[in-house]
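Read through the structure below, which is laid out as C-alpha cells, and then see the notes.
Here is the naming used below: chain letters follow the sequence lines, and residue numbers restart at 1 for every chain.
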Amino acid sequence: MIATVADIVKKAIENCKKAGDIKTEELPDIVIEKPKRDEFGDFATNAAMLLASKEEKPPRQIAELIAREIRRPSSHVKKVDVAGPGFINIFMEDGYWFGFLKDVHGLKQRYGTADIGAGAKIQIEFVSANPTGPLHIGHGRGAAVGDSLANILKATGFDVTKEYYVNDAGRQVRILGESVRRRYDEEFGGKKAPFPEDFYKGDYVKEVARDYWKKYSNTPQAVSTITFQEFACKAMLERIKKDLKDFGVEFDNWFSEKKELRDNGLVMTAINELEKKGFIFSEDDAQWFRTMQFGDDKNRVLSKADGELTYFASDVAYHREKMKRGFSTIVNVWGADHHGYEARVRASLKAFGYDDNVLKIIFIQLVTLLRNSVPVPMGKREGEFVTLRQVIDEVGKDACRFFFLMRKSDTHLEFDLELAKKQAPENPVFYVQYAYARICSIIKHAKEKGISLPKTEHINIKLLSLKEELDIIKKLALFPDIVKGSAIAMEPHRITFYLQELAALFHPYYNKNRVVTEDIQITNARLYLCEAVKIVMENGLKLLGISTPEEM
RNA sequence: GCGCCUGUAGCUCAGUGGAUAGAGCAUCAGCCUCCGGAGCUGAGGGUCAGAGGUUCAAAUCCUCUCAGGCGCGCCA
C-alpha cells in the first residue's frame, strides 16, 4: 500500500524535474507515512522538506509544485494539500480503499502474505534449552517469539528452517545423569549417596529415575546397555518436545551437539581450521581462540587445561556448520542474559571468513509472572521456578502465547496470570478472540435467516459509507504492510498490536450498527465487511500461533 | 570498573527524524426491549529520567549525567 503511494509521489517529482521545476538529481529518501490525524490525509510525505535545502526554495513552494503533479493523474487521489512546514497530505478516494476490501476476499488466507524473502533460506534457532530440566517461562517466551517469527517469515516468502540445538554433550548432561543415578540408588538400591550442591534437585529427576526403574528393573543385565545419562537426556527431551507441542511449537530439526558435532569430529575440524588460519594459541595448558582480533573484548578458551572442550568450542563449530548449510540469514533467539556471547560468536563467523551480518540475534528479556499483581517468586532454586507447562495448564496455550507476544522481545514483560484467564474485555486475548467469535456468530445468525455470505459482484460497496466502516477497511488495507514490517524488523509483537487495534475498531462498530437488517443490500455489504475482518483476524492470529474459536 | 539493554500518563507498554506524543488497564461519569452487555460512549491524566549537541524538524540520532536490569569464568 505504502509502496504504491510512494510511486505516485516519485512520479510526480519526476514530472517536476521534466518541467524544470526541480533540479536536484539525487532523490533523497522520502518518507511516506500514515499521519496520526485524519485532517492530514490518508498519507503524508516529507519530500518537499527534504528537497528544500538543495533546491534553495521554501519547502512549501516545492510542496505546491509536487502537489500539483500528484493531482494531475488522479489515480485514486481525491485531494492533495500542502500543510504545516511543507508536508504534502494525500487523501485517497473511497474506491481506492474498497479495492483492498476486495483483495481480502479475493486472496483470503493469502491476504497479508508477500514475497520479500524471494525464497531465501533462513534458519531460526530458538529455545535450545539444555535437556537438564523442564522448560520454564523464559523458554516459553523465546518459543512463542521464535515460532511466530518463523510463521511471519514464511508468510513473507522466506524458506524457513526452525531448529533446536540440543546441548547433549558436556558437563551439564553428565551431572543430570549422575543426579538421576543417585535418586535411583536412593529409592531402589537402598543406598544413601551424597547429593552435591550443583546437582539437579527437581522432582523431575526422581520421576526419570522411576521411569528408568520401570523400564529396566526386570532386566538387570540391560541396565548397562544404556547409561543413566543417555536415558535421562532422552527422557528430558521427550518432555520438552511434549511441552512445546502442547504450546503449538514444532521444530524442523533437532540438532544434536553430541551426534552432529562431537562424535563426528566437527568441533575438532573447526578448531583445526582456525589453527591453520593462525587464530589459535596455547597458554596455561589451554587452547585459546583469538576472538579479540574480531572485536571481542577477551580471547576465549576452546579447549581447557583438563582437555575438555568448552561450550563455546561447540558453538564455534555449530555456527560454522550453519553457514555451510547455505542459509542466507541465521537467527538466534537468546535469553538476554546471553548477550555477552554475541561478540565471540560474531568473531567466530568472521574468523571463518563469513560476513557476520548474516547473523541476527534476538534477545528475550525476562518475564515476571504476576498473581493478583504480586510477582511470583522465580529463583532457579528447587521447586521455585515456574514451568511453561504450569502456565499453559493454568491459562491455556492461546493466552500464554498472546501475552508473550504482547511486548517487544527485548523489554521486560509482566505476565498477569489472573488477567490472562479472565473472560472479560480487559484481557486482550479475550478481546481479540471475542471479536472473531462475534463475527462468526453474526454470520451464523444471518445464515439462520437464510442470508448466505454474498459474493463480491453482488456487493454495492458504496453502502459502506459510515466513517467506522471506512476506518475498518483502511485498517484491513494496512495489514500486509504490518506483516512485512514485522518480518523485516523481526518483531512479532507488531501483529499483536495490530489485532488489538482491529478488534477495537470492530467492537464499537458492531455495538452501534446492526449488520443483519431488513435491508438486504446493506446487510450484504456489512456481512461482506465482517467476513473480511474475520479473514484478516484469522490470518493474523495464525501468524501468532493462536487459535480462532468460533464460539467462546 | 567495563560492555549490552531499559527509562514515555497512576500501572503495563506502543511509537521505521516529522505536524497538537498514543493504546490498554486503573479512576471518574454515563449507556442494557436490539445480530453474544463476555460489549459500548465520554472525561481527566505527560518537564518522553536529566543536561548539552546535530537538524528546517528529536521520544527517536550523538555526548555526558542519574536510575534500574543483565553480562563480564579454562560454567552452560
Side-chain angles (χ1 to χ4, degrees), chain A residues 2 29 31 33 35-37 39-40 44-46 48-50 52-53 58-59 83-87 89 129-130 132 167 170-173 175 198 283-288 297-298 300-315 335-343 363 365-366 368 370 373 406-408 410-416 419 422-428 430-431 433-435 437-446 448-449 451 485 488-489 491 493-494 496-498 500-501 504 506-517 523 526-527 530 551-552:
Chain A
I2 298 281
D29 284 334
V31 175
E33 57 170 7
K36 285 166 257 181
R37 300 161 61 101
E39 67 217 68
F40 295 152
T45 178
N46 60 354
M49 290 181 285
L50 294 176
S53 62
F87 286 102
N89 295 332
N130 281 354
T132 52
N167 290 117
R171 194 176 123 84
Q172 294 310 314
V173 282
I175 292 177
D198 58 347
E283 197 176 288
D284 302 331
D285 298 323
Q287 219 175 5
W288 296 71
D297 49 9
K298 276 176 197 165
R300 307 291 172 177
V301 169
L302 294 176
S303 175
K304 298 192 269 181
D306 63 8
E308 194 169 345
L309 293 166
T310 59
Y311 174 89
F312 178 53
S314 291
D315 247 3
D337 55 341
H338 283 63
H339 66 74
Y341 269 72
E342 177 164 7
F363 291 106
Q365 267 294 357
L366 290 180
T368 307
L370 300 176
S373 310
M406 265 196 319
R407 302 281 175 254
K408 220 170 16 178
D410 60 0
T411 59
H412 287 260
L413 166 68
E414 297 213 338
F415 188 143
D416 190 325
L419 178 62
K422 214 178 252 182
Q423 300 288 296
E426 64 259 34
N427 177 0
F430 174 82
Y431 189 76
Q433 283 186 325
Y434 180 54
R438 199 168 222 183
I439 294 170
C440 293
S441 172
I442 295 167
I443 291 169
K444 203 171 126 201
H445 173 81
E448 281 162 10
K449 291 196 141 191
I451 307 163
I488 291 165
E491 291 180 347
H493 76 277
R494 296 186 187 200
T496 321
F497 274 86
Y498 172 84
Q500 291 182 79
E501 288 162 6
F506 179 76
H507 284 305
Y509 169 66
Y510 164 89
N511 194 255
K512 235 198 267 179
N513 305 286
R514 286 189 65 85
V515 174
V516 180
T517 64
T523 301
R526 291 185 176 173
L527 273 177
C530 286
E551 288 173 14
M552 297 179 73

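The residue A/Ala424 sits close only to the backbone: its heavy atoms come under 4.0 Å of sugar-phosphate atoms, none of a base. Residue A/Gln172 is in sugar-phosphate contact alone, with no base atom involved, counting any heavy-atom pair closer than 4.0 Å across all strands shown. Within the 4.0 angstrom heavy-atom criterion, no nucleotide atom of any strand lies near A/Gln433. Using a 4.0 Å heavy-atom cutoff across all strands shown, A/Ala504 reaches no nucleic acid atom at all. Heavy atoms of A/Arg438 sit under 4.0 angstrom from primed sugar atoms or phosphate atoms, though from no base atom. Nucleic acid contact for A/Asn89: base, since at least one base atom lies under 4.0 Å from a heavy atom of the residue. Contact annotation for A/Arg37: base contact, defined as any heavy-atom pair under 4.0 Å involving a base atom. Counting any heavy atom pair closer than 4.0 Å across all strands shown, A/Asp416 reaches no nucleic acid atom. As judged by a 4.0 angstrom heavy-atom cut-off over every strand, A/Phe363 is placed among residues making no nucleic acid contact. Residue A/Phe430 is in base contact, counting any heavy-atom pair closer than 4.0 Å across all strands shown.
If you look at A/Tyr434 and A/His507, their ring centroids are closer than 6.0 Å.
In this structure, CG of A/Leu50 is placed 15 Å from P of B/U55, rounded to the nearest angstrom. What separates CG of A/Asp337 from C1' of B/C75 is a distance of 13 Å, to the nearest Å.
The P atoms of B/G24 and B/C64 are separated by 39 Å, rounded to the nearest whole Å. One C1' atom belongs to B/U60, the other to B/A49, and the distance between them is 16 Å to the nearest Å. Spacing between B/G15 and B/C48 at atom C1', rounded to whole Å, works out to 11 Å. Only the C1' atoms considered, B/G22 is 11 Å distant from B/G46, to the nearest whole Å. B/G68 and B/C61: their P atoms are spaced 23 Å apart (whole Å). Here, B/G17 and B/A58 have their P atoms 14 Å apart, quoted to the whole Å.
Stacking of the aromatic ring of A/Phe497 onto the base of B/A14 is not found under the criterion of centres within 5.5 Å and planes under 30°. You cannot call A/Tyr510 stacked on the base of B/G39; the centres under 5.5 Å and planes under 30° rule is not satisfied.
Nearest to the side-chain atoms of A/Asp410 among the listed nucleotides B/C4, B/U20, B/C5 stands B/C5. With B/A19, B/U12, B/U6 as the candidates, the nucleotide lying closest to the side chain of A/Arg407 is B/U12.
With hydrogens and angles ignored, no donor-acceptor pair closer than 3.5 Å exists between the side chain of A/His338 and the base of B/G71. Applying the 3.5 Å distance criterion, the base of B/C40 shares no donor-acceptor pair with the side chain of A/His507. The base of B/G18 sits within donor-acceptor range of the side chain of A/Asn46, with an N or O pair under 3.5 Å.
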